[in-house]
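See below for the structure under consideration.
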Amino acid sequence: MSFARETDHGTPPAVATGKTVTLTIDGQSVTLPEGTSIMRAASLLGGSIPKLCATDSVESFGSCRLCLVEVEGRNGYPASCTTPVAEGMVVRTQTDRLKQLRRGVMELYISDHPLDCLTCAANGDCELQDQAGAVGLRDVRYGYDGATNMGQAKDQSNPYFDFDPSKCIVCSRCVRACEEVQGTFALTIENKGFESKVSPSQGEDFLGSECVSCGACVQACPTASLIEKAVVETGTPDRAVVTTCAYCGVGCTFRAEMRGEELVRMVPWKDGKANRGHSCVKGRFAWGYARHRDRILNPMIRASVDDPWREVSWEEAIAHTASEFRRIQAKYGTRAIGGITSSRCTNEETFLVQKLIRQGFGNNNVDTCARVCHSPTGYGLKTTFGTSAGTQDFDSVMQSDVILVIGANPTDGHPVFASRMKRRLRQGAKLIVIDPRRTDLVKSPHVEAEHHLPLRPGTNVAMLTAMAHVIVTEKLCDEAFIRERCDWDEFADWADFVSQPARSPEAIEPLTGVDPREVRAAARLYATGGNGAIYYGLGVTEHSQGSSTVMAIANLAMATGNIGREGVGVNPLRGQNNVQGACDMGSFPHEFSGYRHVSDDTARGAFERAWGVTLDAEPGLRIPNMLDAATDGTFKGLFVQGEDILQSDPNTHHVAAGLAAMECVVVQDLFLNETANYAHVFLPGSTFLEKDGTFTNAERRIQRVRKVMAPLNGHADWEIVQLVANAMGLNWTYGHPSEIMDEIAALTPTFAGVHYDRLDAEGSLQWPANDAAPDGTPTMHVDGFVRGRGKFVVTDYVPTDERTGPRFPLLLTTGRILSHYNVGAQTRRTANTAWHPEDRLEIHPSDAENRGLKDGDWVTLRSRAGETTLRALITERVAPGVVYTTFHHPETQANVITTDYSDWATNCPEYKVTAVQVMASNGPSDWQQDYAEQARHSRRIAPLEAAE
Amino acid sequence: MSDENQVMSTGDRLIYMANQIARNLATQPDAEAATAEHIRAFWSGDMRARLVALAADRPDALSPVAAAALRRIAG
Ligand code: SF4
Ligand code: SF4
Ligand code: SF4
Ligand code: FES
């Protein structure tokens, strides 16, 4: 793909009304949706009207007056960006008079702009320069000294972009992008006339302001006033490749803009159906880890984890891995080894890892990090609806009238989707938030939740059942929907159960701590407010009743008929970029790709024929079971691709003991992660920039990942798995990931229509994509549930066994922050640390005062599982009795604290509820110091021996 | 789990898990069948066999529903 800027039609598409108008522009007749601007119409015809203050990511504003046109029968020269097309209109965009007027406008702009084009970083990529050329500007009558903003200091505080006020033409595109696209309202235009200037609110610099560094303003800026530092340093790009972000489950697509082999910038792709041209700080800017000096590029092995690493050739590392696994199986049995697939790797890579285990290891001991995040979603939605996935696409939220967000913090976790949701809320949709914390969504500029239900951690099921109680007893159910689509007898049983007085909001108040009147009002709003959509996250799943909570959500949606059309549905906000895909690809020990149980003879038979082996019909071990079996001495070898279970899984002591008991741990990753401290083989991985493949986002949308540069480590991850497989005698011959996808399609009914040529042509496909749905499936369960009839499941509230008491009086809940991703292995190796250099413990002022703590003090955080230290952040975002922290930094290791209680159905850990005590401390705990020393010791790499 | 910095033994954990499943499926129309079915679908054969043996050694450790479900699995 060569470099061409994406076309800017000047104004966004019109809001669809179904009506069209026909008009003539420069002699050409055109029919377009009512409400389209003349500017957009001309652009769609292939022309371009000069413009400065308009861009198609934001509503037009009509301030620069460069886009004037003539309209027959009308006086004056209307601005084409603010004038909608009308039936029979005759427009001229190029006349002598218009040229003269536009030149006059341009002259004024240029007289106020420094003329250092040749040395400007945006030279060749500047709309002001282009437009000066387009209007034929040759000289400036006013001189060049009108410049009032010239000489003002640049704001270089943001680590990724600069703001140079002297180059600003005050078009306010940045201000509107921040408001309309991002929804943060961080920018204003200060003063009036020549004095006017753009400023982050409260006159702070960008870094100190509310700016979340999404980059929307930089993208909207027509000049070099807001510009990526990378462009200043590297120069303007000369080619672009469309690819998919490797951070979160929103799945934003980007143009990776390159200069030769060097990545200059990632620009959100306007045609991306998940992100529609928007991005967050992670995908847009935090890709520098790909070239970080900590990256390990050579394979390494060692006999014992006490030894330093020894760099070896790929041949030696692969042969050693295969022979160790075979040795262990010969000694301890076929089931003594297993592997973990990665939600960060591609579908093709994940499919290969589970194939390696099922076909090569000869067992089903495969699991994935979805175990620790959304496994309850899989269980809950499969049980109730028949499919382990969300029901909508992201666009659907624009049709919602009531949005219920439970246990999710989208502004931090899924920022691009949050921006879309906030746009809908600004249009008037109502918001209900169920969360122990007062998340940013509860109240932010121009968005305020109608109801915030700040429940005690661990009481989700009681809360949702109480809402169901209100809906059923106040007769707010959609009976017609239930009779047509669901099993009526199961509904009747469920309705009896939730109607019991013990389930009422008043009865459960002592458990949840939430005002029953608020619960009743929220339930009524969801049931009667029009299209009701539920969005949820890990605050739902990571509980001992995670699966029950997912089913309780599904019950609510079915009872109110909020399923099977645009604007409604049940939507898990998936954590990692490819966690949906990892689950789809058969990463769980009990099911093949497409969620078919290993005991299903038809499905197993298809794999056996394709792979030429007999497959195990018994479920294999889940991650915690593998660790238990390891401590018991029956599980001895583990292949871990792209996961850091030591840092991300609960009860670090237990994980460490399990890993330490194994004889061969193989880690394939970019960096020596925490798990690698217990590894015997390290296989260097490749980044998403260095390989081809696909990711599947939270909307079930399969999107291409495209290689933009050669892998620094020499091999893409799928090639490495193939090397291991072949060393174990499997004889795989994949030449390209597209061949792996062809195999997935042949073996997985919901993926039958997914091939790279289709993906390249369509941009993306949402599964199921097969003969029944050739173009994919944006909305699920439209004409009926996948399982047949929707199943209501009685969800009884069972309190967690993790209880507070005199020794551990507070409840800890964990989460994440916008600028970091998961265990932080990537984002900690970027300038994103500017926003979040360390994990902090959020604690309510009253709990802090009781303990004599001041903001920023070091505190010890202790649970029954362990203790760590970190600094306190005193805030009313958390309720009294609740504390909160993130787990992005290995120094903190919040998972030393979390227990190994888990979801009853899936063993998804109960990260969101741990009883703790907090007290003042002097600094790092003994454990932290020992751990730091052990990690340092374990990461030693022996100097290379001289070649023979 | 005791009150001190302890990790459950594997046997204790299997028993805990079986009881937890039974407790959460208690409101299903046939709780014993649902519990047995769940354990069959999601546990490895080794884990099931181990639990059956544990149940024989420690009959009181399992809740009545879990114990009945296990009898179905063993039988
Ligand atoms: S980077 Fe995003 S949040 Fe920051 S000012 Fe620009 S648009 Fe607003
Ligand atoms: S910074 Fe850029 S986008 Fe913002 S007002 Fe100035 S020129 Fe326009
Ligand atoms: S991290 Fe998520 S929201 Fe941010 S750019 Fe990547 S996919 Fe989009
Ligand atoms: S582009 Fe239309 S007024 Fe500026």
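In the text below, chain A, chain B and the rest are named by the order of the sequence lines, each starting its count at 1.
- Looking at A41(B), the atoms closer than 4.5 Å to chain A (heavy atoms on both sides) sit in the backbone and in the side chain alike.
- By the 4.0 Å N-to-carboxylate-O rule, R50(B) lies close enough to D632(A) to be salt-bridged with it.
- Interface remark: S548(A) contributes side-chain atoms only to the contact with chain B (heavy atom separation under 4.5 Å).
- In summary, the side chains of S544(A) and E910(A) do present a donor paired with an acceptor at a separation below 3.5 Å, with no hydrogens or angles considered.
- For the set N24(B), N19(B), T27(B), L25(B), the count of heavy-atom pairs under 4.5 angstrom toward chain A peaks at N24(B).
- Of the atoms belonging to T906(A), not a single heavy atom falls under 4.5 Å from chain B.
- By the 30° and 60° cut-offs, the orientation of the rings of F42(B) relative to H597(A) is perpendicular.
- Heavy atoms closer than 4.5 Å to chain B are found nowhere in E490(A), neither backbone nor side chain.
- In terms of heavy-atom pairs under 4.5 Å with chain B, the best-connected choice from N364(A), D493(A), N625(A) is N625(A).
- Here D487(A) does not pair with K791(A) in a salt bridge; the nearest charged N to carboxylate O distance is not below 4.0 Å.
- Residues R503(A) and Q500(A) bring a donor and an acceptor atom of their side chains to less than 3.5 Å of each other.
- Heavy atoms closer than 4.5 Å to chain B are found in the side chain of R335(A), but not in its backbone.
- Looking at D616(A), there are no atoms closer than 4.5 Å to chain B (heavy atoms on both sides), in backbone or side chain.
- If you measure heavy-atom distances from V793(A) to chain B, the contacts under 4.5 Å come from the side chain alone.
- Ring centers of W904(A) and H38(B): under 6.0 Å apart, within the cut-off.
- Interface summary for chain B: among Y379(A), F588(A), Y797(A), F497(A), the most heavy-atom pairs under 4.5 angstrom belong to Y379(A).
- No part of L14(B) comes within reach of chain A, as not one of its non-hydrogen atoms sits under 4.5 angstrom from that chain.
- For N363(A), no part lies under 4.5 angstrom from a heavy atom of chain B.
- A salt bridge links E618(A) with R48(B): at least one charged nitrogen is closer than 4.0 Å to a carboxylate oxygen.
- Only the side chain of D46(B) comes within contact range of chain A, judged by heavy atoms closer than 4.5 Å.
- Residues N460(A) and Q545(A) bring no donor and acceptor atom of their side chains to less than 3.5 Å of each other.
- A salt bridge does not link D601(A) with R596(A): every distance from a Lys NZ or Arg NE/NH1/NH2 to an Asp or Glu carboxylate oxygen is 4.0 Å or more.
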